[in-house]
Amino acid sequence: MQDQIWLSSPHMGGNEQKYVNEAFDANWVAPLGPNVDGFEKDLEAFLNEDVKVAALSAGTAALHLALIECNVKYGDEVICQSMTFSASANPIAYCGATPIFIDSEKDTWNMCPIALEEAVKERISKSKKPKAIIVVHLYGMPAKMDEIIEIAEKYQIPVIEDAAEALGSTYKGKFCGTFGRFGILSFNGNKIITTSGGGALVCHNQKDKDKAVFLSTQARDNAPHYQHSHIGYNYRMSNIVAGIGRGQMEVLENRVETRRKMHDFYMRVFNDIEGVEVFSEPSEDYFSNHWLSAIVIDKNITGKNREDLRLAFLANNIESRPLWKPMHLQPVFADAPYYGTNVAEKLFDNGLCLPSGSNLSNNDRERIEKKIKDFFS
Ligand SMILES: *Cc1c(COP(=O)(O)O)cnc(C)c1O
């Protein structure tokens with residue numbers, strides 16, 4: 001059996017252990033310390049927009065705190081992109097609120113502004129003005145932020161950007177995660193950089209960040225004993241994990257470059273294969289980190305579907321994966337309202353994510369290319 005080729009696996013830069021060792025040497029083995037502060041500073045410097053970042057235990061935790069800071073309560077409604085990972089929507093349920101799912105548009109596969117406005121209008125007409133809009137930058141591709149922000153401002157609804165997959169992506173030169181009232185990042189094992197597990201909340205003022213840190217450390221009031229007037233959470237990032245993050249920040253730009261080269265590779269491989277489209281930026285306004293490269297297969301032209309290709313890869317120990325199954329089609333969210341025209345559903349039926357890691361070798365790429373050429377010939 002040939003070596004496993006993963007979709008996206010951790011890729012250490014080299015200095016991660018140095019920061020972890022520093023934490024051990026100074027006995028900062030706790031959910032606070034110099035690495036947590038340093039990692040936050042590194043992210044703030046990278047995002048370059050006068051933002052304040054809170055390092056947390058997961059991207060999901062960051063979304064939960066963003067919703068709490070947007071004052072989402074039991075019985076409220078929150079708008080969410082349907083085509084995404086379940087972690088975008090689960091925190092809505094943690095708050096006892098109802099997700100309102102929005103279809104994708106074809107250019108970026110992200111939230112369709114037309115369906116968004118239709119949903120906002122209809123919910124308002126039912127006296128259920130949404131408390132927040134969660135927009136996702138899928139696979140690193142920036143969403144249509146001008147249109148989405150315009151609608152959000154028109155109806156005065158805060159935007160939460162799920163940039164878990166899009167660290168390093170920009171829209172009109174501005175980093176994903178810095179457009180909304182809040183942005184969230186993830187450093188899970190499969191993301192473009194990883195801390196093994198972790199996340200961050202991107203805020204635009206110190207007060208919002210302080211509140212996130214307060215809530216993430218069990219909401220302790222200022223008193224010598226343990227005094228609480230709010231429900232708190234244990235969501236702060238560990239100083240060990242943050243050390244990995246500091247090492248990863250040193251190679252982030254390189255990782256973006258390398259993932260983008262994987263996209264170029266697939267553009268070349270599929271160039272002469274009719275009926276397959278490689279997911280690409282619709283215009284110069286969009287700069288994707290190409291966290292995952294993905295394709296859409298036209299069954300009518302190729303005579304093959306994405307599941308055939310997935311199984312052909314699998315037989316060769318190459319991992320690939322269908323696109324995210326839209327949330328409005330998930331059994332757990334069967335009762336949630338949905339607005340759209342089934343664009344996301346068609347993408348799910350025909351799309352496949354391909355090996356995209358920054359640590360793939362030339363030999364790996366040769367194996368992938370050969371498999372693709374054999375499959376479509
Ligand atoms: C990974 C991911 C998350 C969740 O991040 P965790 O750090 O794993 O909690 C949220 N949204 C999207 C779109 C993701 O891909």
With rounding to the nearest 0.5 Å, note down the distance linking [atom1] in [X] to [atom2] in [Y].
{"X": "Ile100", "Y": "Lys128", "atom1": "CD1", "atom2": "NZ", "result": "8.5 Å"}
{"X": "Gln218", "Y": "Asn234", "atom1": "CD", "atom2": "CG", "result": "5.0 Å"}
{"X": "Leu201", "Y": "His64", "atom1": "CG", "atom2": "NE2", "result": "12.5 Å"}
{"X": "Ile5", "Y": "Asn359", "atom1": "CD1", "atom2": "CG", "result": "11.0 Å"}
{"X": "Ile133", "Y": "Leu116", "atom1": "CD1", "atom2": "CG", "result": "4.5 Å"}
{"X": "Leu292", "Y": "Met262", "atom1": "CG", "atom2": "CE", "result": "10.5 Å"}

ring-ring contact (aromatic ring centres under 6.0 Å, His included) between Tyr286 and Tyr171, worked out: CA-CA 5 Å; Tyr286 301 80; Tyr171 174 72; 5.1 Å; yes
State, yes or no, whether a side-chain contact exists between [X] and [Y] at a heavy-atom distance under 4.5 Å.
{"X": "Ile244", "Y": "Phe39", "answer": "no"}
{"X": "Gln248", "Y": "Met12", "answer": "yes"}
{"X": "Met145", "Y": "His137", "answer": "yes"}
{"X": "Ile240", "Y": "Asn35", "answer": "no"}

Where the side chain of [X] meets the backbone of [Y], is there a donor-acceptor pair that is under 3.5 Å apart?
{"X": "Asn289", "Y": "Leu167", "value": "yes"}
{"X": "Glu345", "Y": "Pro326", "value": "no"}
{"X": "Glu277", "Y": "Val296", "value": "no"}
{"X": "Arg236", "Y": "Ala55", "value": "yes"}
{"X": "Glu117", "Y": "Ile114", "value": "no"}
{"X": "Asp103", "Y": "Tyr339", "value": "no"}
{"X": "Asn110", "Y": "Met141", "value": "yes"}
{"X": "Arg367", "Y": "Ile318", "value": "no"}
{"X": "Ser8", "Y": "Ser356", "value": "no"}
{"X": "Thr194", "Y": "Phe187", "value": "yes"}

Pairing of [X] and [Y] as salt bridge, 4.0 angstrom limit:
{"X": "Asp146", "Y": "Lys172", "result": "yes"}
{"X": "Arg365", "Y": "Glu369", "result": "no"}
{"X": "Arg181", "Y": "Asp208", "result": "yes"}
{"X": "Lys154", "Y": "Glu150", "result": "no"}
{"X": "Glu250", "Y": "Arg246", "result": "no"}
{"X": "Lys370", "Y": "Asp374", "result": "yes"}
{"X": "Lys211", "Y": "Glu69", "result": "no"}
{"X": "Glu165", "Y": "Arg259", "result": "no"}

Are [X] and [Y] in one and the same hydrophobic cluster, where Ile, Leu, Val, Met, Phe, Trp and Tyr link if side-chain heavy atoms are under 4.5 Å apart?
{"X": "Trp291", "Y": "Phe265", "answer": "no"}
{"X": "Ile160", "Y": "Ile157", "answer": "no"}
{"X": "Met249", "Y": "Tyr19", "answer": "no"}
{"X": "Leu185", "Y": "Ile192", "answer": "yes"}

Does atom [atom1] ([X]) have a neighbourhood of more than 12 heavy atoms from anything else shown, all under 6.0 Å?
{"X": "Leu7", "atom1": "CG", "answer": "yes"}
{"X": "Asp335", "atom1": "CG", "answer": "no"}
{"X": "Lys129", "atom1": "NZ", "answer": "yes"}
{"X": "Glu284", "atom1": "CD", "answer": "no"}
{"X": "Lys373", "atom1": "NZ", "answer": "yes"}
{"X": "Asp272", "atom1": "CG", "answer": "yes"}
{"X": "Gln4", "atom1": "CD", "answer": "yes"}

Working for side chain to side chain contact (heavy atoms under 4.5 Å, CB included), residues Glu44 and Lys209: CA-CA 12 Å; Glu44 287 167 2; Lys209 175 184 167 170; 4.1 Å; yes
Is it the case that [X] places NZ or CZ above or below the six-membered ring of [Y], under 6.0 angstrom from the centre and within 45 degrees of the axis?
{"X": "Arg321", "Y": "Phe313", "answer": "no"}
{"X": "Arg260", "Y": "Phe287", "answer": "yes"}
{"X": "Lys174", "Y": "Phe179", "answer": "yes"}

Evaluation steps, ring-ring contact (aromatic ring centres under 6.0 Å, His included), between His230 and Phe214: CA-CA 10 Å; His230 295 269; Phe214 168 76; 5.7 Å; yes
Criterion ring-ring contact (aromatic ring centres under 6.0 Å, His included) on Phe333 and Tyr338, from CA distance to verdict: CA-CA 10 Å; Phe333 293 122; Tyr338 161 78; over 10 Å; no
Parallel, tilted or perpendicular: ring planes of [X] versus [Y], cut at 30 and 60 degrees:
{"X": "Tyr235", "Y": "Tyr233", "result": "parallel"}
{"X": "Phe376", "Y": "Phe270", "result": "perpendicular"}
{"X": "Tyr139", "Y": "Phe279", "result": "perpendicular"}

Salt bridge (charged side-chain N to carboxylate O under 4.0 Å, His left out), paired with Glu77, selected from Lys131, Lys126, Arg123: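 Among Lys131, Lys126, Arg123, the one that satisfies the salt bridge (charged side-chain N to carboxylate O under 4.0 Å, His left out) with Glu77 is Arg123.
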Asn350 and Asp298: CA distance, side-chain angles, deciding distance, side chain to side chain contact (heavy atoms under 4.5 Å, CB included) verdict: CA-CA 7 Å; Asn350 301 308; Asp298 187 330; over 6 Å; no
Verdict with reasoning, Met267 to Ser280, per side chain to side chain contact (heavy atoms under 4.5 Å, CB included): CA-CA 9 Å; Met267 289 295 280; Ser280 301; 3.5 Å; yes
Thr84/Ile134 under side chain to side chain contact (heavy atoms under 4.5 Å, CB included): CA gap, chis, key distance, verdict: CA-CA 11 Å; Thr84 185; Ile134 299 175; over 6 Å; no
